[in-house]
Amino acid sequence: MSDISVQYPEMRGLIIEHLARLADPDWRASNLQKGSSVELDFDGLVNFLYDTSGLLHDPRGALGLTLGGFEEVEAIQRLRDTFEAAIEEGGLTGENPGTDPLWDVIGDESATVVDVLPARGCGSGKPGPG
């Protein structure tokens, strides 16, 4: 399948950055806390992935906007399904949701997405400062 041009490479870069952080277990344990004073806390991360980027709401709708191919859409759909299953199980809550074992599964899926997205030539897959 050929690559599709991405209209918003800057947003794509932020998506890769956030997913790379989410894939890092040390970052999750220390930063995904409700009420955290860090730049991107639990609520901010979920808000970005679902609302700001719209990525987890509608992965297919992101094709051509922030995603550059169907392989990327499929990887994001798997991440969304993992997120939804964790939320349905009642996980990802509490005072320190970053230590919930369900985040390990989400982190692994996020790492897979990070591996797929930069292959299209957009973003480094490395988190920036924060």
Side-chain angles (χ1 to χ4, degrees):
M1 184 70 48
S2 62
D3 292 348
I4 297 169
S5 293
V6 174
Q7 286 184 316
Y8 302 107
E10 295 84 12
M11 177 66 80
R12 179 186 173 91
L14 288 173
I15 289 167
I16 292 168
E17 190 174 304
H18 290 333
L19 291 174
R21 286 181 179 146
L22 190 54
D24 179 354
D26 293 331
W27 187 90
R28 287 193 312 270
S30 62
N31 292 291
L32 290 180
Q33 301 177 32
K34 290 190 178 190
S36 174
S37 62
V38 296
E39 179 181 335
L40 183 69
D41 64 2
F42 172 78
D43 293 328
L45 178 76
V46 172
N47 183 28
F48 177 81
L49 292 175
Y50 275 97
D51 299 328
T52 304
S53 71
L55 192 66
L56 294 182
H57 273 302
D58 184 15
R60 288 185 187 271
L63 189 61
L65 299 175
T66 56
L67 299 180
F70 291 102
E71 179 185 11
E72 295 177 0
V73 171
E74 290 169 1
I76 294 296
Q77 286 175 323
R78 286 190 303 271
L79 176 62
R80 182 199 57 204
D81 293 346
T82 302
F83 242 104
E84 298 291 328
I87 290 168
E88 276 188 34
E89 287 182 34
L92 314 183
T93 60
E95 287 305 308
N96 191 359
T99 60
D100 190 309
L102 293 169
W103 278 110
D104 291 337
V105 177
I106 291 171
D108 290 345
E109 204 62 55
S110 296
T112 299
V113 173
V114 168
D115 288 342
V116 170
L117 291 180
R120 301 284 186 211
C122 241
S124 68
K126 306 273 190 230

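Because only heavy atoms are used, hydrogens play no part in the values below, and waters and symmetry mates are left out as well, while side chains stay in.
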Exercise. Between E17 and R21, is there a salt bridge with N-O shorter than 4.0 Å?
Worked result: yes
Exercise. Is any side-chain heavy atom of M11 closer than 4.5 Å to a side-chain heavy atom of T52?
Worked result: yes
Exercise. Mind checking whether L65 and L79 sit in one hydrophobic cluster, side chains of I, L, V, M, F, W, Y counted as touching below 4.5 Å?
Worked result: yes
Problem set entry | Contacts of R78 that satisfy salt bridge (charged side-chain N to carboxylate O under 4.0 Å, His left out) - sequence neighbours left out | E109
Problem set entry | Closest non-hydrogen atom pair between L67 and R12, with its separation | CA-NH1, 3.7 Å
Problem set entry | Heavy-atom side-chain contact between L22 and L49 under 4.5 Å | yes
For this session: Could you please spell out the steps behind the side chain to side chain contact (heavy atoms under 4.5 Å, CB included) verdict for V116 and I76?
Result: CA-CA 10 Å; V116 170; I76 294 296; over 6 Å; no
For this session: Using ring pair (Phe, Tyr, Trp, His ring centres under 6.0 Å) as the criterion, list what pairs up with Y50, not counting sequence neighbours.
Result: H57, F83
Problem set entry | Heavy-atom side-chain contact between L117 and T66 under 4.5 Å | no
For this session: Return each pair, listed once, that meets salt bridge (charged side-chain N to carboxylate O under 4.0 Å, His left out) where at least one residue sits in residues 55-70; pairs must be two or more places apart or across chains.
Result: none
Problem set entry | Closest heavy-atom pair and its distance - A62, L55 | CB-CD1, 3.9 Å
Exercise. I15 versus V113: any side-chain heavy-atom pair under 4.5 Å?
Worked result: no
Exercise. Atom CD1 in I16, atom OG in S110: separation rounded to 0.5 Å?
Worked result: 12.5 Å
Exercise. So how far is it from D24 CG to L19 CG, rounded to the nearest 0.5 Å?
Worked result: 12.5 Å
